[in-house]
Amino acid sequence: VVTRDDVEESLKAVFQFVKDKEQVIQDLRSQIEETKKKIAEKQRERDYWLEYKNVGSKIHAERISTLEKDIADVKYELERTEEYYREALKVVREENQKLFDRHMKLLSEEALKNAVGYLDKNCRREIEENEWLKEEVKIYRKEERDLKASVQLLEGENASLVAKLIDIKLQHLRV
């Protein structure tokens with residue numbers, strides 16, 4: 001015997017079962033929609049990267065190679081400029097050293113003249129004689145070098161003449 005309460009309870013159970021199944025279906029539909037959105041998003045991302053692979057990467061590769069060439073050119077120009085400035089600095093230093101040396105020489109000559117101006121007549125005469133003697137020593141040393149060179153030449157000539165003379169005597173002895 002089935003009572004009305006049993007039927008109502010059974011209908012409530014079936015109704016609840018159907019309601020639960022509809023809720024599950026609704027949840028599944030929302031999950032499907034969410035999954036479709038994720039798939040669409042991933043598909044767009046995949047399409048973007050495929051396009052980049054086919055087109056964009058070539059453009060970027062060209063840009064990269066162009067930038068690398070530009071970097072190489074800039075490095076080369078930097079090296080050339082650095083070498084130019086290094087040489088210019090060397091020339092300026094040499095010129096400064098020459099100017100400094102000339103200035104120091106002029107200052108020392110001026111100081112010497114000023115110092116000589118304060119000396120008495122005897123000291124001045126000694127200094128002048130000393131300078132004259134220095135010049136004479138230079139002249140004698142030059143003459144000595146010239147004489148040594150001429151003596152060496154003469155010794156070389158004498159040695160060759162003696163060798164010729166010995167050769168001639170040997171030839172006469174053989175005859």
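Predicted model only: the values in this text are computed from it and were never measured.
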Rounded to the nearest 0.5 Å, how far does [atom2] of [Y] lie from [atom1] of [X]?
{"X": "F17", "Y": "L11", "atom1": "CZ", "atom2": "CG", "answer": "14.5 Å"}
{"X": "I139", "Y": "E136", "atom1": "CD1", "atom2": "CD", "answer": "4.5 Å"}
{"X": "H103", "Y": "E110", "atom1": "NE2", "atom2": "CD", "answer": "10.5 Å"}
{"X": "T81", "Y": "Y76", "atom1": "OG1", "atom2": "OH", "answer": "10.0 Å"}
{"X": "K21", "Y": "K19", "atom1": "NZ", "atom2": "NZ", "answer": "15.5 Å"}
{"X": "Q97", "Y": "M104", "atom1": "CD", "atom2": "CE", "answer": "10.5 Å"}

Between the side chains of [X] and [Y], is a donor N or O closer than 3.5 angstrom to an acceptor N or O?
{"X": "D6", "Y": "T3", "result": "yes"}
{"X": "Q171", "Y": "D167", "result": "no"}
{"X": "D20", "Y": "Q16", "result": "yes"}

- More than 12 heavy atoms of other residues, nucleotides or ligands under 6.0 Å from CD of E9: is that the case? no

- Task: Using a cut-off of 6.0 Å, state whether more than 12 heavy atoms not belonging to R4 lie near its atom CZ.
- Result: no

Salt bridge present between [X] and [Y] (N-O < 4.0 angstrom):
{"X": "E83", "Y": "R80", "result": "no"}
{"X": "K37", "Y": "E41", "result": "no"}
{"X": "D73", "Y": "K69", "result": "no"}

- Message: Are V162 and L170 connected into the same hydrophobic cluster when the rule is that any two of I, L, V, M, F, W, Y join if their side-chain heavy atoms are below 4.5 Å apart?
- Response: yes

- Could you state whether L107 and F100 fall into the same hydrophobic cluster, counting links through intermediate Ile, Leu, Val, Met, Phe, Trp or Tyr residues with side-chain heavy atoms under 4.5 angstrom apart? yes

- Could I get the full list of ring-ring contact (aromatic ring centres under 6.0 Å, His included) partners for Y52, not counting sequence neighbours? W49, H60

- Full working for salt bridge (charged side-chain N to carboxylate O under 4.0 Å, His left out) between D101 and K105: CA-CA 6 Å; D101 292 343; K105 183 178 178 182; over 6 Å; no

- Message: Walk me through whether E109 and L106 qualify under side-chain contact (heavy atoms from CB on, under 4.5 Å).
- Response: CA-CA 5 Å; E109 289 174 1; L106 290 173; 4.1 Å; yes

- Derivation and outcome, side-chain contact (heavy atoms from CB on, under 4.5 Å), residues R29 and E33: CA-CA 6 Å; R29 282 185 187 149; E33 282 298 316; 5.7 Å; no

- Query: Which is it for E82 and R86 under the salt bridge (charged side-chain N to carboxylate O under 4.0 Å, His left out) test, yes or no, and what are the steps along the way?
  - Reply: CA-CA 6 Å; E82 185 180 354; R86 190 177 298 127; 2.9 Å; yes

- Message: Using side-chain heavy atoms (C-beta onward) and a distance below 4.5 Å, is E157 in contact with L154?
- Response: yes

- Go through Q23 and D27 one step at a time and tell me if the side-chain hydrogen bond (donor to acceptor under 3.5 Å, both in side chains) criterion holds. CA-CA 6 Å; Q23 184 63 40; D27 290 344; 3.2 Å; yes

- Begin from the C-alpha positions of K142 and R145 and carry the test side-chain contact (heavy atoms from CB on, under 4.5 Å) through to its verdict. CA-CA 5 Å; K142 184 180 181 296; R145 283 193 302 271; 3.8 Å; yes

